[in-house]
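In what follows, a single structure is set out as structure tokens and then discussed.
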Amino acid sequence: MEIKAAVVFEQSGEFSIEALELSEPNDDEVLVRIVSAGICHTDLVAREMHLPIPPERAMPGVFGHEGAGVVEKVGARVTKVKPGDHVVLAWDYCGTCTSCKAGNVLYCLNFFLHNFHGARPDGTTTLRKGDQVIYGNFFSQSSFANIALANERNVVKVRQDVALEVLAPLGCGVMTGAGAVINALQASAGTSIAVFGVGPVGMSAVLAAVVCGCTTIIAVDVVADRLKKAKEFGATHTINASKVDPVEAIRDMTGGGPNFSLECVGNPAVFRQAVDVLPRLGVCGLLGVVPPGTEVALDMDLIMNGRTVKGILGGDAIADLFIPKLIELYSQGRFPFDGMITFYPFEEINKAVEDMEKGRVIKPVLKM
Ligand SMILES: [Zn+2]
Ligand SMILES: [Zn+2]
């Protein structure tokens, strides 16, 4: 089947929209007509070849892992969805390892094989341009395209009365930030939280903290516009970390430190601040992505005194259960995450990326 996809031909290269040939779905696969796709930081990391995708299967490649669309066709054994269903695409997993069996699918032991393999887990590729193989199956979707091939496992069926184009970022960034607060930290009413870095993930955490009833929600960033947006989203306090020491300021605001902190930047110095700011029994969630091998110095004595540091992937969410909950909150006006979206036509993908990298927009979403 002929499709249109944004291909990166070489490391750090521009996205180039090309006509490609996409394979028909296998028995357990779902063909999705993509309506919109969010751009996530991880797509840009993939373009730089900093992800553990085998280098021989990384380029040329099609990325994109926040797709939303309509099911076009399903494989013979697929029962979860049918043509015409609206779906949000999330992360894939194997479903059979010990993590998956325990319900912790985001921590799948075969995660790389199912998300960062450049091909299906069995090694077969799904995209071609003439005789040239193009690598795909990124997060089992490669949704920077008008049609994408997903697995039954990573399609989340969603209600049809909500505008589909808005829902794309739920599959990664929004699920990650909101899930951290709701599922992983389980922040309860009246608690306090400091969110370091209010990009799309941190901004989703702020919105979720409002949903949970946190009464002190502190947004920390160095971009004034983002802090303003965080305030609109319900942050009770904002701190510009380029102007004041956030640790001191947060301790003052909270009378000794917040119950929870979240590191959403992927920076060792910021992580240190997010841990240092905690009071006894405080919990710091780590969401920021760093290259493997990145080290940080922490005060062991501080941690021994009842503090917790917790790494959180994908908001500890089971997408099939969690994404419909977020959509319900959104439709009730209680989770207005669409306020962080800027839409771009698919053809303007390079401009969208540039605007995101320069901090002009929070969450660019491509309309196919
Ligand atoms: Zn697994
Ligand atoms: Zn992502």
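Computed from a prediction, not measured in an experiment: that's the story for all the values here. In this chain, residues are counted from 1 in sequence order. Counting starts at 1 for both ligands and their atoms, following the listed order.
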Next item on the list: Please find out if less than 6.0 Å separates the ring center of H65 from that of F138.
Entry: yes
Checklist line | F111 and F116 aromatic centres sub-6.0 Å | finding: yes
Item checked: Angular separation of C100 SG and C97 SG about the Zn ion (ligand 1), given to 10° -> 110°
Checklist line | Angle, SG of C40 through the Zn ion (ligand 2) to NE2 of H65 - 10° precision | finding: 110°
Note to self: Tell me whether the Zn ion (ligand 1) has C94 as a neighbour, meaning an N, O or S atom of it below 2.8 Å.
What the structure shows: yes
Next item on the list: Examine the side chains of Y107 and D316 and answer whether a donor and an acceptor come within less than 3.5 Å of each other.
Entry: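 Yes, D316 and Y107 have a side-chain donor paired with an acceptor closer than 3.5 Å.
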Check: Between R120 and N137, does any side-chain donor sit less than 3.5 Å from a side-chain acceptor?
Finding: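 On atom types as modelled, these side chains do not qualify, holding no pair under 3.5 Å.
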Check: So does C172 have any N/O/S atom less than 2.8 Å away from the Zn ion (ligand 2)?
Finding: yes
